[in-house]
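Chain letters run A, B, ... following the sequence lines, proteins first, then strands; residues in each count from 1.
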Amino acid sequence: MDQLTLITFLPLVGALLVLLTPASQEKALRAIALVTTLVVAVLGVQLYLAFDGSSAALQFLVDKAWFVLPGSAIPVRYKLGVDGLSILMVALTAVMMPTVILSTWGHVHKRVKEFMLWMLVMQTGMLGVFVAHDLVLFYFFWEVSLIPLYFIVGIWGGERRLYATIKFFLYTLAGSLVMLVAVIAIIYQFRTADIPTLCEQASSLALSKQVWLFAAFALAFSIKVPLLPFHTWLADAHTEAPTSGSVVLAGVLLKMGTYGLLRFGIDMFPGAALEHAPLFMALGAIGIVYGAFLAMAQTDVKRLIACSSVSHLGYVVLGMFALTYAGLSGSILQMVNHGISTGLLFLLIGMIYERRHTRALDQFGGIAATMPIFAFFLVFTVLSSAALPGLNGFVGEYLILLGAFQAKPLWAIIAVLGVIFGAVYLLMATRRVLFGPVTHEENKHLEDLNAREVVLMLPLVILAVWIGFQPKPFLDRTQGSLERLVQKIEVARGAQNASLEVPTTEESVR
Amino acid sequence: MNPQDLLQLFDDRALAAVAPLLALAIGIIVLLLSGVIRAFESLRAPIVVATLAFTGWLVASNFATVPGSVIDGTYIADRASSAWGLLFVVATLLAWLFSHRYYAESERPFQVEHDVLMLTTPLGMMLMAGAANLIVFFIGLEVLSIPLYALASFRRSRARSVEAGLKYFLLGAFAAAFFLYGSSLIYAATGSLQLAEIKAIGLHGPLALGGVALVMASLFFKISVFPFHLWVPDVYQGSPTPVTALMATGTKAAAFAFLINTMFMLPKSAALAVAVVALVTMALGNLGALAQTDVKRMLAYSGIAHAGTVLLVVAGTLAGDPESSGALHAALFYMGAYVFTAAGAFGLLALLERDGERFTTLEALKGLAQRRPFVAAALTIFMLSLGGMPLTGGFLGKWMVFSSLVRAGLIWPAVVGALLSVIAFGYYLRVVIALYMQPVSERDAALPSGQTSAGSAAPAAIAAAVCAVLVLVMGTLPGLFLDRLP
Amino acid sequence: MNVPSEHLLYLAAGLFAIGVLGFLIRRNVIVVLMCIELMLNAANLTFLAASRQHSTAQAANLDGPVFAIFVILVAACEAAVGLALIIALFRLKQSVEADSLSEMKG
Amino acid sequence: MGGTWLLWFIPLLPLFGAAACGLIHFATLAAQKGDGSGKRPSALAPLVACAAIAGSLGLSIAAFKELAALPADARVIESAVWEWIHAGSLKLDISLVVDPLSAVMLLVVTGVGFLIHVYSAGYMKGDPGYAKFFAYLNLFVFSMLMLVLSSSLVGLFVGWEGVGLCSYLLIGFWYEKGWPAEAGQKAFIANRVGDASFLIGSFILIKLFGTLDMSDINAAVAGVASDPAKAWWLTVGALCLFGGCTGKSAQLPLFTWLPDAMAGPTPVSALIHAATMVTAGVYLVVRLNPVFAADPAVMTVIGTVGALTALIGGTSAIFQRDIKKVLAYSTVSQLGYMFLGLGSGAFASAIFHLVTHAFFKGLLFLGAGSVIHGMHDEQDMHKMGGLKHHMPKTFATFLAGAAALSGLPLLSGFFSKDEILAHTFAHGGFHQVLWGIGIVTAAITAYYTWRMVALTFFGKERFDHHHVHPHESPAVMWVPLAVLAVLSVFGGVLGLPPVFHVAHQLETWLEPVTAPGKALLAMHGTHTLSHAAEWALLGLGSVIALVFATLGFRAYVGGTARDENVERTKPALADFLVGAWKIDAKYYAVIVYPAKLVAFVTAVFVDQFAIDGLVNGAGGLATATGNRLKILVDGSLKSYALWIGAGAVLLAFLWMFV
């Protein structure tokens, strides 16, 4: 049994086990889920270590026949593989799930069986998206991964959960259905559904057709990222989702959008990506500042973090569409960083919610006195999220800003403003939660984090410090693929300039 | 028609072609006889199942050997019509299984008549699918429709059932009359009723095109496409749920089978017009369903939307889809998936309805997942398949329909079609939300949970389970079905 | 002297039009049933006229009349089922008004 | 020491110290929570912290000796390189470099740091967060050492933001009081504004030089400066970097956070807001002196900002009532002096003033701390007076510090400040105006310093005797005061003016570092001062210092009468000065409130109403049309048949004629 099939479908086996155990035995259900995710985590780390970062080729390849489309006899294959662009996200998804499952001890008490079932199915869906290398298989995993979160938000969510879950489902679905037409068009155009071959051949398309296909793909992924105009579903989905749902949504699901933009936007249609790069850089940069202002005005702390996600992912898109090596590697690393820091933030807010059952900022104040350990972790996470050097956020952000500056200095400068506003809203929130006199009676005798809650956060904290101090092994993992990608972009840039016949005055600085 | 022709009628290849029809006919007659004799009363179910199984086996064997045609070419049993035939047999079997123990005591004595009527419908469908002559199609149409009119109003005690039956009858007859007058005009213009000859002669001039228009109108009525779709909600809601299942799946498939054979009649320039009609149908179907509270009526509207989707395939072919049998493949697979999904969905509603409570409203479905997890799970799978979610048959059906459009170059209709199914998910999700995410409404809390009293619902439950599994298999391992397409 | 076929076709068209209009206007369901019969007969007439038109001396084109026979056959079945339904309606609603058939809507 | 990991231990020791104190803090927390009796925090924490700082002090002295032993032109010790971020062609590696400049800074940071650690062991005794305080202090020293030792601008940035973080944590140390947390937040955000401009500057440097290694940059500046296209970028880059310095060293646009930073404990003010962190800006300019010296316009900008900040700082300190606020504004003013010096190319003298300022300002802050400690946290000078009998040692050391600060002749302050003024005067042209501002500020400095001394230690005892019993601080606190007093008095030895015909120790020591910058400056004309001019300036400086010192002292030795009548007669002026020219209030009006308003507008109108409205609108539109379509299906047979007939006609028409 090859590694990738094992790691992708092991959670499904766990889900089956959960299905078979009676709903009454909650302890056993939680144990199964935890054990499964732990095994997958070990596999994920093993995969990460065995991955050779310098080669751009697909590794751990699995390639079996699946079915053949009638008439034109286009083979659709069950093809899995990992390359530099996806290895970090696969490892993160595998490593984060045990933390998420462990956190459900605190806040999921009713219908535990269904919750564990949906969590495990979601993990398979997410891993599938990152490892699928057949366009149809990718589309299958892309849409199927919507359903588990739909149920998780819908059943265990807050008051407006039905509104939030329908809105999130239909919004993402609309994007992916437009993408479906593009997927069909490109498969029948090149008579194959294999992503690597499509990536090579697609750049040979006429620019106008390439731009149309790119727009369709980019729309679906921009909704998922979420990029600026399509972000309104995120705040509702986060606020109404249960803690573990928010952690997974922020930690991994949003990255499927950015990964999609990378794989199907830039890798598949470099010409069109070049054409649209300034637009996306603009949306990213403005998204950063817009998200920051949004967060400043929030009164619900969970909604505040959701808005901060809009701002953070603005960085990722900015870095990606700078189309420079630094920008690209920074954006891939920032996908992981955002998963860690925002995941931790949601976990912490979840812990406070379990104790105070409210998320309104003015209900807190002076909690640092009664819960020092909680205060330590919250300040730590806020600093990692505000990109303090020495922690994970900084490495990604520095590379992104550097890459963006090399491409379009204007957007980089606007993004640097985001650094300031980011610090502003995060520190304002920390101050209103932790510092100041204890005004509310309940805050006086909140008991501090217990062992379970600290242990479940440790892997993410250690990862944050490790990426902060020693980012080289993580960055080296993406080296091979990124060199291939940058080389591809140069070719497309050359072709574009040749077609323009205008000697470019602005010397390109590497 | 001299004696040689009569003998020629029964040479071996022709016999094989007509064998399934004969098998059905014999089955119907035996069933009728069993109804007459009180002693054979218990044999009713086995006869039905035996007939359908035998016919199914015959059709399947025809599918392999591709026999010739009967009565000098008016009925052809080629691979396509055999495939459709298989679909009709399955649809009827499912509908019949769901009608098991469905009717209240008052209608129980007429169960034999009900089964006879139900058994004649596949005969009509096969004739329609294999018709190469307008007469054979007309006969098939009537052999299908008249039993359905009776079946629709089977629960005479209920005003709604009678109203549905009568409405369906009057409008059905009205459309049939259109068909007749259309084919007479075509006959007047071309002098022949044989499709191949008509195709050879070609249809020009007002008379011929007027005829085509009228024929197409009646076909569009049968597949319930805009502006001929208005009867569907009332008839589907009024008639007993198993009959609705049969109507939604069987008749639509038969009409599409014939439509694909007569696509040549439509002028190429009509591609855009057909696409627009199809899209409007999808829009009306989906938007109409959005406003419904009764699940059965909602599924009726969703049926209209699905008819619109399959019609897109016709537009695709007219606009020049490079794959010759693209339309046939798409329609066959789509209707195949739709048969299992819609029959399963209606079957579940029938299952729930039999609990004596008007169970088909959304309000009644609230919190069902707690009390009847399997029914809820199956219903969710059907809803997702109707919406076209991957891992279900519905998705690949939609995939093939859109690919025929994309291949033909009709990009924007494909995009609009795709976006309309976002609206579709709007109401499919409403069912799933009721099942899983809303608490049981107090009015229904008192209802007995678990299996109901009215005898064992085993056959219906098994049928629904099989449908659900097949829908998933069609989604995950479509190879099994795709490789067998003609 | 034969009546030219066109005249027959126009007559049939007229009959068909009357049938359709009758279906739309008349309130009594039985009359509606009769209108359907009228439309069917219009089709029969066209069939026969066309058959005559397409028959030549040596080869008579008899498809039309064959179709006409089947139409008459079907018309009979339809009438039977239709009347049965109307009786059922009458038993329930004590009226044969077409408008009584509007319990389900929306 | 070169090429090994030993150098790394200078910053790493305080890091391990911080971690150890952190663990101690959490351990004591657990203990407190356990039996709830609030067991007194163990004395272990200060020991660990002071040991860590002592360790790096020892290593620093050893490094200094090894450096001194090297020949003058090859005075560089580089540690092993640590590869940090590799992104394709861009290699951001960090190695620690000890060269004359960083050696000086090392000694100042670890030396003064060690004294302040010892002092705070006494000052913070009994505070529940005792171990936490030392953890933060050690973390701060780690960041400062990283900043000073790092070879690349990225490593420097790590230290840069690290010190910003520690100042945030330490200012908001007593967070339960509420306003210290706000002050901490304000400090961090102001630093972040500076850091943003620093980032842009470093990106420009990468764009120009392809690397961030400071020695490579300094070497390549000459080449880049000559190419006209790149020179423009270089100037913008230099100004951006200077923007970063204003944030960190509390210069004109971003100085408002420093006075509020006094909310933190006094040792923090001494260490961070007097001796080390605020000097980071000066260190950066001297470290990258060629980059700044390439364009004379940049130098003038630095000079003017320095002069104006000095003036605003000085004037704002005159009527302050809180002793720490006086010292805070005085720090802003003295930093202004340093940047004034840098502006006229006097890199060595700026560093000289930095060193002496660390001594006497650290001393004054610790002295003030000792006063506050004795007066049970009373900081308002109007409630003190006549403390010279109660705290003789503190009084003596405070006097030395005050004398040095006000520039009384022969003391360290006099020499370093005078040297800056001399160089500014020598620079000529516009810088002479700046010199004028400098002289006026020197006068004001002398005035408010001695006002402070008079109000605190002389005159009638204005505190009520029942509650407040001022007492001398324990040995652990006044010994560091004594050491600093000695340094403040004899600090001048480091850089005697040329007129004394004795080699300027610091200038020769820093020659290799400042040479490239000076060479570039020389291209735009050299400036020398005749002996006579120098003597004149020395004389003028000492006269002004003496005159205004006595003026300030005599005005307030009697008590606070002068303050009261100024507040009565010219309330507007008093309020204007105490509020630091109302700049902070303007910031709130122009930046903070509008930002909150824009945030509210975007959140409610743009986001919820506009974008979300569209989304929900689409949903609503669909359901609305759905409901309206229901009317179409009216259940009547007739309408259905009509639709069918119409449909047939439509199809016929469509195909016959289209």
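Most heavy-atom pairs under 4.5 Å with chain A: of the set B:Ala418, B:Gly475, B:Gly479, B:Ala369, this distinction falls to B:Ala418. Looking only at heavy-atom pairs under 4.5 Å with chain A, the residue among B:Asp483, B:Thr476, B:Leu405 that has the most is B:Thr476. Ranked by heavy-atom pairs shorter than 4.5 Å toward chain B, the options A:Gly154, A:Ala216, A:Ser176 are led by A:Gly154. Annotation: maximal heavy-atom pairing with chain A below 4.5 Å, among B:Leu384, B:Val415, B:Leu391, B:Leu419, occurs at B:Leu391. For the options A:Tyr139, A:Trp66, A:Phe151, A:Tyr150, heavy-atom pairs under 4.5 Å to chain B are most numerous at A:Tyr150. For the options A:Pro70, A:Ala65, A:Ala23, heavy-atom pairs under 4.5 Å to chain B are most numerous at A:Pro70. Looking only at heavy-atom pairs under 4.5 Å with chain A, the residue among B:Ile411, B:Ile423, B:Val422, B:Leu477 that has the most is B:Val422. Note: A:Leu162 leads A:Val178, A:Leu162, A:Val76, A:Val183 in heavy-atom pairs under 4.5 Å with chain B. Note on A:Trp142, A:Phe140, A:Phe169: by heavy-atom pairs under 4.5 Å with chain B, the leading option is A:Phe140.
With hydrogens and angles left out, the side-chain atoms of B:Asp78 and B:Ser81 include a donor and acceptor closer than 3.5 Å. A side-chain donor-acceptor contact under 3.5 Å links B:Tyr428 and B:Ser302. Residues B:Asn286 and B:Tyr427 have side chains that bring a donor and an acceptor to within less than 3.5 angstrom of each other.
Residues B:Thr361 and B:Thr293 fail the side-chain proximity criterion, which asks for heavy atoms closer than 4.5 Å. Under the 4.5 Å side-chain criterion, counting only non-hydrogen atoms from C-beta, A:Lys224 is in contact with A:Leu146. Residues A:Glu275 and A:Leu207 have side chains in contact (heavy-atom distance under 4.5 Å, counting atoms from C-beta outward). Contact annotation: the side chain of A:His107 approaches that of A:Ser244 to within less than 4.5 Å [non-hydrogen atoms, C-beta and beyond]. At least one side-chain heavy atom of A:Lys110 sits under 4.5 Å from a side-chain heavy atom of A:Trp156. The shortest side-chain heavy-atom distance between B:Thr341 and B:Cys467 does not fall under the 4.5 Å cut-off. The side-chain heavy atoms of B:His329 and B:Met400, taken from C-beta on, include a pair separated by under 4.5 Å. Counting heavy atoms from C-beta on, the side chains of B:Val431 and B:Leu435 come closer than 4.5 Å.
The contact between B:Phe395 and chain A is made entirely by side chain atoms (from C-beta outward), counting heavy-atom distances below 4.5 Å. Contacts of B:Val406 with chain A are made by side-chain atoms alone, with heavy-atom separations under 4.5 Å and no backbone atom involved. If you measure heavy-atom distances from B:Leu396 to chain A, the contacts under 4.5 Å come from the side chain alone. Contacts between B:Leu480 and chain A at a heavy-atom distance below 4.5 Å are absent for every atom of the residue. Heavy atoms of A:Tyr188 lying under 4.5 Å from chain B belong exclusively to its side chain. For A:Glu114, the part lying near chain B is the side chain, with the backbone staying farther off; criterion is any non-hydrogen pair under 4.5 Å. Looking at B:Ser404, neither its backbone nor its side chain comes within 4.5 Å of chain A, counting heavy atoms on both sides. Residue contact with chain A, scored on non-hydrogen atoms closer than 4.5 Å, is absent for B:Ser325. Contacts between B:Ser421 and chain A at a heavy-atom distance below 4.5 Å involve backbone atoms as well as side-chain atoms. The contact between A:Trp212 and chain B is made entirely by side chain atoms (from C-beta outward), counting heavy-atom distances below 4.5 Å. In this structure, no portion of A:Phe141 lies under 4.5 Å from any heavy atom of chain B.
At distances below 3.5 Å, at least one donor-acceptor pair connects side-chain atoms of B:Arg430 with backbone N or O atoms of B:Leu290.
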